[in-house]
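Encoded as structure tokens, the structure appears first; notes follow it.
Since we're looking at a predicted model, the values are computed, not measured.
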Amino acid sequence: MPRPSSLAALLTAFGLFLAPLPAADAFGPTPNIVQRTAEARLLGEFERFAALTDGTVGIAVRDLHSGQSIGINNDTLFPMASTYKVAVAGKIFSMADAGALNLDERLPRLGTPLPVTALLELMLTRSDNEATDVLVARAGGPQAVNSWLQSIGIHGQRVDSNTAQLLERAKAAAPMGGDEAAMEAGLSPQQRDARDLPNMAFAADPRDTSTPRAMNDLLAAIHHGKALKPGSSAALLAIMARCKTGKARLTGMLPPGTQIAHKTGTLNGLGNDAGLIALPDGRTFAISVFVMKDHRGHVLRDRIMAEVARAAYDYFLFAPESRTS
């Protein structure tokens, strides 16, 4: 029989064996309360902005330096509208990278041949729909654009149609000059909103959709040089930096002079804007804001996008863990 001291030692060892192990956090650094508080506050702001609409808002923001991502409904599918034109441009530049297309090649638009570079400029800066569909055809059709997305590992985004087909499904009365141009030119706010009621069936259609996270994945892949050669990445983003549409959206509340490369999308009851925003310290963050099923009008949708962009800008600029070391 064990001696009392031996018995005590055995019981102590057995007790330690049964005792719960300390949590993993006990072995690591204390969580950064300031950082967690700042992130919670940003998410609260996102929720507050989203509550302004009677529709659905998807937000994804990502610091491309640290990889930190924050959002709401960022895995929900939204109709891309004209933001799909980023993928079209990516496919065209990838063909140029592979030697399958010359950017000086002239393609017909309104009967007047224009270089691919000019068509890209029209598509991305003015959201020109005819220029887009000429490029979609040259790319090999929507499925070729979709295959390119899959080839670079983008999941949660799909291209099924050219713009004419997409507008037909959406029943959007927009001329070929561009959906944003049509919605913004020569119409009073009341006239715009009267023709801007959501198409619920279209909003629920999985075709030509993206999650906010997937759109950020695409923007990040372009930014990091994982989708295109460096020169093509730079050329694509330079065109997006000249975007003429959506001045009240992501750009609306940013500090003057902030560099942003983005692409907007507008359809019935729907407004999108997605892009890359530069911070003063040289970092960049990706941002995608989608609003669908909204009955309250484009002014409110634009405000939501602008508020989100400014809140994200301030967060990434000042949040402790997001700053460069």
Side-chain angles (χ1 to χ4, degrees), residues 38-39 41-53 57-72 74 78 81-83 85-86 124-127 180-181 183-184 212-213 215-216 218-220 222-224 233-234 236-266 270-291 294 297-324:
E39 183 173 332
R41 185 177 295 120
L42 180 64
L43 283 170
E45 289 288 273
F46 287 172
E47 295 285 359
R48 182 170 67 86
F49 303 144
L52 295 174
T53 174
V57 177
I59 301 168
V61 296
R62 183 184 308 170
D63 183 334
L64 298 183
H65 171 79
S66 68
Q68 182 189 18
S69 297
I70 305 170
I72 60 172
N74 51 11
F78 290 78
S82 284
T83 60
K85 295 170 183 178
V86 176
L124 293 175
T125 66
R126 301 185 181 278
S127 209
E180 286 89 347
M183 297 293 280
E184 291 175 1
R213 187 192 306 275
M215 186 61 77
N216 275 4
L218 175 57
L219 294 167
I222 293 169
H223 173 81
H224 289 307
S233 296
L236 172 51
L237 294 176
I239 300 174
M240 291 175 63
R242 296 191 287 273
C243 182
K244 306 295 183 186
T245 58
K247 295 300 185 184
R249 297 187 185 183
L250 293 183
T251 61
M253 296 183 183
L254 294 175
T258 299
Q259 295 181 356
I260 175 172
H262 67 122
K263 181 70 194 79
T264 57
T266 307
L270 182 150
N272 301 333
D273 205 353
L276 301 174
I277 297 176
L279 296 168
D281 61 10
R283 287 177 296 127
T284 299
F285 69 93
I287 177 169
S288 296
V289 186
F290 296 161
V291 186
D294 169 72
H298 73 281
V299 172
L300 180 63
R301 295 195 296 270
D302 289 357
R303 178 190 165 190
I304 290 169
M305 289 179 259
E307 294 271 17
V308 168
R310 183 54 192 256
Y313 179 95
D314 290 343
Y315 170 81
F316 285 127
L317 185 60
F318 297 114
E321 293 301 317
S322 294
R323 306 188 76 175
T324 54

State, with a plain yes or no, whether a side-chain heavy atom of [X] is found less than 4.5 Å away from one of [Y].
| X | Y | value |
| --- | --- | --- |
| Y313 | M253 | no |
| M215 | T83 | yes |
| F46 | V61 | yes |
| I70 | Y315 | yes |
| V308 | M305 | no |
| R249 | H262 | no |
| S233 | H224 | no |

Partner residues of [X] under the side chain to side chain donor-acceptor pair (under 3.5 Å) criterion, sequence neighbours left out:
| X | value |
| --- | --- |
| R310 | D314 |
| N216 | S288 |
| T53 | D294 |
| R242 | E121 |

Can you tell me how far the [atom1] atom of [X] sits from the [atom2] atom of [Y], to the nearest 0.5 Å?
| X | Y | atom1 | atom2 | value |
| --- | --- | --- | --- | --- |
| K263 | C243 | NZ | SG | 5.5 Å |
| M240 | I222 | CE | CD1 | 6.5 Å |
| R126 | T245 | CZ | OG1 | 9.5 Å |
| I260 | L276 | CD1 | CG | 8.5 Å |
| T264 | N272 | OG1 | CG | 8.5 Å |
| L42 | I59 | CG | CD1 | 8.5 Å |

Quick one: closest heavy-atom pair of [X] and [Y], and the distance?
| X | Y | result |
| --- | --- | --- |
| G271 | R301 | N-NE, 3.7 Å |
| A306 | A248 | CB-O, 3.6 Å |
| K85 | L124 | O-CD2, 3.7 Å |
| Q68 | F316 | OE1-CE2, 3.9 Å |
| A309 | I277 | CB-CD1, 4.3 Å |

| query | Within the side chain of D273, is there an N or O that forms a donor-acceptor pair under 3.5 Å with the backbone of L250? | reply |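 Answer holds: yes.
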
| Do R213 side-chain atoms and S69 backbone N/O form a donor-acceptor pair below 3.5 Å? |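 No: the side chain of R213 does not pair with the backbone of S69.
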
| query | Excluding sequence neighbours, so at least two apart, what forms salt bridge (charged side-chain N to carboxylate O under 4.0 Å, His left out) with E45? | reply |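 Partners of E45 by the salt bridge (charged side-chain N to carboxylate O under 4.0 Å, His left out) criterion, ordered by chain and then number, come out as R48.
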
| remark: F78 meets the ring pair (Phe, Tyr, Trp, His ring centres under 6.0 Å) criterion, sequence neighbours left out, with F290

